[in-house]
There are 2 protein chains.
Amino acid sequence: MTEGSDYQHTCLIRGDGGRMLRTVLDRIANKWTLLVVATLDQNVVRFTDLHHQVPGISQRMLTLTLRNLEKDGLVTRTVHPQVPPRVEYELTSTGRSLIPPALALAGWAIENVPEIEARRALQEE
Amino acid sequence: MTEGSDYQHTCLIRGDGGRMLRTVLDRIANKWTLLVVATLDQNVVRFTDLHHQVPGISQRMLTLTLRNLEKDGLVTRTVHPQVPPRVEYELTSTGRSLIPPALALAGWAIENVPEIEARRALQEE
DNA sequence: CGGGATCCAATACGATACTG
DNA sequence: CAGTATCGTATTGGATCCCG
């Protein structure tokens, strides 16, 4: 939304007391959601493939994460009636629109985490 | 590998298995951090003012949030030796650099949360 | 004024086992 | 293959009281 000025619109963050932002954070601010979204961005993915492509995630957490994303309309779940079952997950357009903000955060992470971790290490001596 | 502009760099997110991104999320993905950062972006702020400007936060959580931000070098804490004490908080340059990604997320929130909440409401009938 | 200490409830997460 | 069910632990956040 073309915020072309250099004035920092922190009102966007604090706007309604931060309720909107917190609603989003409550959903994505966990261990797996953004990783799953990022993985789905590449293509339509089956459950097991997702399980392999997100290293460390348990079946339980993958299921929970996907169910939550589905409830919010960020992911579609398609069951192909076969034996063995074939279930595919795909981002909706809303889900895909989350990628750029996620990338912004990831970019910041890559630039600043090394410094942050160095600082943490110093203080734990 | 910096030429493909429309290529989705989700590798930024998944890069190291998402460790960097998760490190950042572990810090900011809580109820108060981004709200405190957004409030501090405007000026140097005293503890009590912060307490009033972030509605709903408890003293305990404000203290914890500020301590964590300080440990990571995103916020400076300045104690003025007076009675009664005067303690001021301010963003570091690293802390200020977090504002744009936070705004990106907040912008996404404002555009999409209404739809998400409508969908949630439908499913809880 | 700016916290710290303590207690408590809720939730998030992981491990394991089982199933149509 | 794609889950569900159950259990146990760790972490998070809120409430309250106290202190220099």
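Numbered from 1 within each chain, the chains take letters A, B, ... in sequence-line order.
One atom, CZ of B:R22, and another, P of C:dA12, lie 16 Å apart when rounded to the nearest Å. Rounded to a whole Å, the CG atom of A:L66 is 10 Å from the P atom of D:dT4. In this entry the distance linking CG of A:L25 with C1' of C:dA12 reads 16 Å, nearest Å. The NZ atom of B:K31 sits 17 Å away from the P atom of C:dA9 (whole-angstrom rounding). Distance CD (B:Q82) to P (C:dC1): 13 Å, rounded to an integer number of Å. Remark: C1' of C:dC13 and CG of A:N68 are 13 Å apart, rounded to the nearest angstrom. Between the CD atom of B:E70 and the C1' atom of C:dG2 there is a distance of 13 Å, given to the nearest Å. Distance B:F47 CZ to C:dG2 P: 7 Å, rounded to the nearest Å.
Across C:dG3, D:dG13, D:dG3, the shortest atom-to-atom separation from the side chain of B:N30 is found for D:dG13. Checking C:dG3, C:dC1, D:dG3 against the side-chain heavy atoms of A:R77 singles out D:dG3 as nearest.
In terms of phosphate contacts, B:Y89 brings a side-chain nitrogen or oxygen within less than 4.0 Å of OP1 or OP2 of C:dG3. Applying the 4.0 Å criterion to OP1 and OP2 of D:dA2, one finds that A:T48 has a side-chain N or O inside that range. Applying the 4.0 Å criterion to OP1 and OP2 of D:dA2, one finds that A:R46 has a side-chain N or O inside that range.
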Subject >> B:R67/B:T63 under side-chain contact (heavy atoms from CB on, under 4.5 Å): CA gap, chis, key distance, verdict >> reply: CA-CA 6 Å; B:R67 291 291 177 277; B:T63 301; 4.1 Å; yes
Original post:
Run the side-chain contact (heavy atoms from CB on, under 4.5 Å) check on B:M61 and B:K31 step by step: do they pass?
Top reply: CA-CA 9 Å; B:M61 288 316 296; B:K31 202 163 175 179; over 6 Å; no
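Taking the nucleotide of DNA chain D with the nearest heavy atom to each of B:P85 and A:V87, the more 5' of the two is matched to A:V87.
Under the 4.0 Å criterion applied to side-chain N and carboxylate O atoms, B:R86 and B:E88 are assigned as salt-bridge partners.
Contacts between residues 54-64 of chain A and DNA chain D, defined by a heavy-atom separation under 4.0 Å, are made by A:Q59, A:R60, A:T63.
For the pair B:W32 and A:R22, the minimum side-chain heavy-atom distance is below 4.5 Å.
With hydrophobic clusters built from ILVMFWY side chains whose heavy atoms lie under 4.5 angstrom apart, B:V79 does not share a cluster with B:V44.
For the residue pair A:T23 and A:D26, no side-chain donor N or O sits within less than 3.5 Å of a side-chain acceptor on the partner.
A side-chain contact (heavy atoms from CB on, under 4.5 Å) with B:Y89 is found for exactly one of B:T39, B:L66, B:V36, namely B:L66.
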